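Since the model is a prediction, treat every value here as computed from it, not as a measurement.
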Amino acid sequence: MERNVLILCVMALFMVSCGGSRRLKELSRNNVSAALSIAGESGMRDLSDSLPEFAPQDRVAVVDRLGKVYVMDAEKDDEYGEMVISDKLSAVVVEARFLNVAERNGYVDLAFDVKVPKEMIASDWQVRMTPVLDYLGRRVQLDKILITGSRYREEQLRGYELYEKFLNSIIPEDADFISTYTHRRLLELFIERNFTEVAKLKGDTSFVDAAIVSNLFGVTKNEVVDHYTRGHLIRRNERRIADKERMFAKYVKVPIEKGGVRLDSVLHNPDSSLLYRYTHTIKAKRGLKRVDLTLGGEIYRSDKCIYTMAAAEPLTYYISSLTYFAERSVRYIKRVVERNLTANTISYIDFRTGSHEICDTLRDNYAEIGLLKKNIANILGDKSYVVDSLLITASCSPEGTLRTNEMLARMRAWAVREYFKEHVKSHLVENNSEYWELSLEGDMAGADKMQGARNTSEELDTKIRTGWIAEGWERLHSLIRKDSLIADKEFMEMCFEIADPDKRESKMMESPSYGYIRDELYPLLRCVKFDFYMHRKGMLKDTVHTTEIDTSYMAGVAALVDMDYGKAVTLLRPYRDLNSAVALLCMDYNGSALEVLNALPESAASEYMKSVAYARLGNGKRAVECFMRSVECNPSMRHRGNLDPEIAHLLKEYNLH
């Protein structure tokens with residue numbers, strides 16, 4: 001009986017082998033391969049009408065022998081009670097090998113169907129296919145598609161089971177050494193026969209020093225354990241640990257792939273073909289106009305490739321983008337350049353009460369003087385300008401009489417001038433060899449407004465003038481108006497109506513806010529201001545009108561063309577022109593885009609983009625009206641409509657073809 005069973009098994013294997021060989025010969029003779037077809041519309045029959053309701057949509061399926069089932073659109077088989085793939089192939093034939101697809105929000109969605117004929121599917125085979133995209137000089141391999149026969153998967157899982165059995169034969173590192181690796185019973189018998197007293201220690205829970213045990217044995221504890229240790233067991237375990245990688249390769253000839261696989265479908269019924277819809281999204285980049293898709297594959301039995309299929313006929317996707325409407329012409333802005341200009345810097349140099357001498361160690365003077373020197377150096381160091389004159393103005397706060405403060409302000413201005421004069425001269429000589437080009441006359445516009453502005457008698461020194469403001473009432477008035485901590489502002493306004501500055505200050509002392517004003521606002525009035533009067537080097541006219549490139553706008557256009565839409569919207573939104581509308585549409589800001597487009601003159605481009613925006617917002621009627629106007633302006637827009645899904649849908653819905 002057993003002999004007959006063996007003969008039957010051998011005959012079955014022989015028949016399977018012969019059948020497999022015949023199928024391989026048929027595949028080679030007919031050059032059978034998987035087929036690619038476009039999933040979508042654009043003038044082709046929509047595949048969704050022909051596909052079954054359970055058409056696969058990028059799901060991974062793995063069926064193992066341990067009860068874990070991961071399947072793509074699977075259903076329970078009534079006969080065997082297990083989960084099996086239920087996808088069937090529909091008789092779909094698509095002739096077109098290209099498709100226009102739209103870039104939206106910086107991405108392009110590609111969808112295609114992979115048809116695997118039943119001749120390529122067998123229970124002990126695995127079909128491995130890899131889609132490849134070619135665009136912008138790049139070759140990108142997508143995730144693989146695996147179609148696995150049930151017996152092929154059983155062989156894989158059997159390998160994992162054998163390897164798991166091998167791993168279970170390895171003694172874990174945390175196993176008890178005495179129990180696992182020694183002849184424990186022999187060790188105990190040795191002790192009981194030769195060291196009766198020591199054997200009694202087995203049930204003694206009291207602590208026994210290792211040295212005492214050593215004396216009782218006559219040998220160390222480790223020596224006794226080593227004598228009864230099964231060394232061959234340790235060596236065998238170490239060999240098995242070292243052999244893990246080799247044994248994995250021995251048992252698991254074809255590992256189940258986990259990463260880089262889009263579909264791993266286990267087929268229990270190899271008598272039908274399979275249709276798989278594959279979707280992939282790519283990031284759009286500048287210059288992306290075309291994407292080519294190819295598909296290659298092999299058939300494996302166990303770990304050997306037994307058939308390489310011819311490459312499927314490629315598909316081509318032509319990419320359309322709304323950036324087609326971007327206007328790339330250079331934008332200019334007009335600017336008026338004045339010949340004469342001023343620059344100033346203010347410093348809060350502190351003086352002792354009633355004194356005009358500069359002390360750099362007083363309070364924050366050292367830092368203030370250093371900062372002032374730095375500002376002076378920056379202004380005088382710009383060789384694009386020529387300094388015509390410098391006005392140094394000192395001002396005081398209202399404490400004391402007007403006469404005293406006026407004299408003090410004049411002296412402080414002069415002291416600052418003398419303190420910084422050499423510093424200013426050294427920078428002028430170093431950075432402006434022609435010295436101060438113009439005479440003082442006519443170059444001090446506005447200087448006569450400063451109280452007491454005057455010249456010195458020396459040639460160069462005449463350009464460094466001093467001015468003073470005895471009491472900074474005008475600035476104080478502005479500070480009080482803006483300060484929210486001052487409650488009695490009406491009283492303060494009444495004080496400012498008093499003409500005599502000394503009486504005005506006396507009246508202010510009656511206010512409860514005077515202490516705050518004296519401590520917080522008066523110090524802001526005690527300052528020194530440097531006014532530099534300059535002209536542009538080599539410029540003769542008072543004003544020049546120039547035209548220059550609007551760099552901010554052109555950066556926005558570059559971002560738009562590069563499909564960096566977030567940056568493009570930020571830079572172009574203020575201009576509210578066609579390019580800003582394109583950027584807004586590309587970011588799907590359809591309402592904002594319509595607002596901009598409705599304010600622009602009618603053109604083929606603006607009306608077409610209005611149509612796209614209205615279509616996205618669900619207003620089909622307005623979308624059709626705008627599209628028809630765009631075609632009236634430019635008949636080529638009729639053909640452009642086939643490239644954008646929003647317009648293509650309108651053409652179909654309203655029968656505009």
>> Go through it in stages, so that I can follow the logic: the residues are Tyr276 and Ile147, the test is side-chain contact (heavy atoms from CB on, under 4.5 Å), and I'd like the CA-CA distance, side-chain angles, deciding distance and then a yes or no.
In response: CA-CA 10 Å; Tyr276 177 65; Ile147 310 299; over 6 Å; no
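- Contact of the Leu293 side chain with the Leu110 side chain is not registered, since no non-hydrogen atoms from C-beta on lie closer than 4.5 Å.
- Salt bridge Asp644/Arg104: present, at least one basic N to carboxylate O contact under 4.0 Å.
- Considering all non-hydrogen atoms of both residues, Asn634 and Ala604 come closest at CB-CB, 3.5 Å.
- Considering every non-hydrogen atom in both Met609 and Val582, the closest pair reads SD-CG2, 3.3 Å.
- For Glu26 and Arg29, the salt-bridge test passes: some basic side-chain N is under 4.0 Å from an acidic carboxylate O.
- Salt-bridge formation is not detected for the pair Asp113/Lys115: no Lys NZ or Arg NE/NH1/NH2 atom is positioned less than 4.0 Å from an Asp or Glu carboxylate oxygen.
- Using modelled atom types, one side-chain atom of Arg328 and one backbone atom of Ala326 make a donor-acceptor pair closer than 3.5 Å.
- Remark: Met628 CE is loosely packed, at most 12 non-hydrogen atoms of other residues, nucleotides or ligands lying under 6.0 Å away.
- Counting only heavy atoms from C-beta outward, the side chains of Met309 and Glu298 never approach each other to under 4.5 Å.
- Not counting sequence neighbours, Tyr300 has no partner by the ring pair (Phe, Tyr, Trp, His ring centres under 6.0 Å) test.
- Between Val101 and Asp109, the closest side-chain pair of non-hydrogen atoms is not below 4.5 Å.
- No side-chain heavy atom of Asp124 sits less than 4.5 Å from a side-chain heavy atom of Glu155.
- Atom OG1 in Thr547 sits 9.0 Å away from atom OH in Tyr332 (nearest 0.5 Å).
- Taken from CZ in Arg138 to CG in Leu288, the straight-line distance is 10.0 Å, to the nearest 0.5 Å.
- In this structure, Ser320 contributes its side chain and Leu643 its backbone to a donor-acceptor pair below 3.5 Å.
- A salt bridge does not link Arg290 with Asp134: every distance from a Lys NZ or Arg NE/NH1/NH2 to an Asp or Glu carboxylate oxygen is 4.0 Å or more.
- In this structure, the side chain of Tyr565 does not engage the main chain of Leu585 through any donor-acceptor pair within 3.5 Å.
- Between Leu133 and Ile282 there is a side-chain heavy-atom pair separated by less than 4.5 Å.
- Shown here for Ile145 and Pro131, the closest heavy-atom pair between the two residues is CD1-CG, 4.3 Å.
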> Could you go step by step and tell me if Gln126 and Ile299 meet the side-chain contact (heavy atoms from CB on, under 4.5 Å) rule?
Replying inline: CA-CA 6 Å; Gln126 184 183 61; Ile299 297 177; over 6 Å; no
>> For Leu479 and Leu524: C-alpha separation, side-chain torsions, deciding distance, then whether side-chain contact (heavy atoms from CB on, under 4.5 Å) applies.
In response: CA-CA 9 Å; Leu479 291 172; Leu524 300 178; 4.1 Å; yes
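- In this structure, Ser552 and Tyr575 have side chains that are in contact, with non-hydrogen atoms separated by less than 4.5 Å.
- Looking at every heavy atom in both residues, Ala34 comes nearest to Pro117 through CA-CD, 4.1 Å.
- By the 6.0 Å contact criterion, NZ on Lys621 is open, its count of non-hydrogen atoms from other residues, nucleotides or ligands being 12 or less.
- A distance-only check finds no donor-acceptor pair linking the side chain of Asp562 to the backbone of Asp564 [under 3.5 Å].
- Remark: Arg262 CZ to Leu146 CG distance equals 12.5 Å, nearest 0.5 Å.
- Looking at Ser302, its side chain never comes within 3.5 Å of a backbone N or O of Lys304 through a donor-acceptor pair.
- Residues Pro574 and Thr570 approach most closely at CD-O, 3.9 Å, considering heavy atoms.
- The aromatic rings of Phe98 and Tyr318 sit perpendicular, their planes meeting at an angle over 60°, well past the 30° parallel limit.
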> Are Glu607 and Lys610 close enough, and set up right, to give a salt bridge (Lys or Arg N to Asp or Glu O under 4.0 Å), and what steps lead you there?
Replying inline: CA-CA 5 Å; Glu607 293 302 313; Lys610 284 183 191 179; 3.1 Å; yes
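- The minimum heavy-atom distance between Met637 and Tyr608, with the atom names listed, is SD-CD1, 3.9 Å.
- One finds the OG1 atom of Thr342 at 14.5 Å from the NE2 atom of His535 (value rounded to the nearest 0.5 Å).
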> Tyr553 and Asp577: side-chain hydrogen bond (donor to acceptor under 3.5 Å, both in side chains), yes or no, with the steps?
Replying inline: CA-CA 11 Å; Tyr553 181 84; Asp577 67 345; 2.4 Å; yes
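- When atom types are taken as modelled, the side chain of Ser580 and the backbone of Arg573 share no donor-acceptor pair closer than 3.5 angstrom.
- Judged by distance alone, with hydrogens and angles left aside, the side-chain atoms of Ser123 form a donor-acceptor pair with the main-chain N or O of Arg151 at under 3.5 Å.
- Shown here is Glu245, whose CD atom has no more than 12 heavy atoms of other residues, nucleotides or ligands within 6.0 Å.
- Between Glu161 and Arg158 there is a salt bridge, since a side-chain N of the basic residue sits under 4.0 Å from a carboxylate O of the acidic one.
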> Can you list the steps and then say if Lys529 with Asn344 is a side-chain contact (heavy atoms from CB on, under 4.5 Å)?
Replying inline: CA-CA 7 Å; Lys529 182 180 180 184; Asn344 60 69; 4.0 Å; yes
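- Separating the NZ atom in Lys482 from the NZ atom in Lys489 is a distance of 11.0 Å, to the nearest 0.5 Å.
- The cationic atom of Arg640 (NZ for Lys, CZ for Arg) lies less than 6.0 Å from the six-membered ring centre of Tyr324 and within 45° of the ring axis.
- Between the side chain of Ser28 and the backbone N or O of Leu24, at least one donor-acceptor pair lies under 3.5 Å.
- Within the 4.5 Å cutoff, side-chain heavy atoms of Ile319 are placed close to those of Val291.
- Here the side chain of Asn375 pairs no donor or acceptor atom with the backbone of Thr345 at under 3.5 angstrom.
- In this structure the side chain of Glu154 never reaches within 4.5 angstrom of the side chain of Leu157, judged on heavy atoms.
- The OG atom of Ser611 sits 11.0 Å away from atom CZ of Arg616, with the distance rounded to the nearest 0.5 Å.
- Here Arg576 pairs with Glu595 in a salt bridge; the nearest charged N to carboxylate O distance falls below 4.0 Å.
- Here the side chain of Tyr160 pairs a donor or acceptor atom with the backbone of Ile256 at under 3.5 angstrom.
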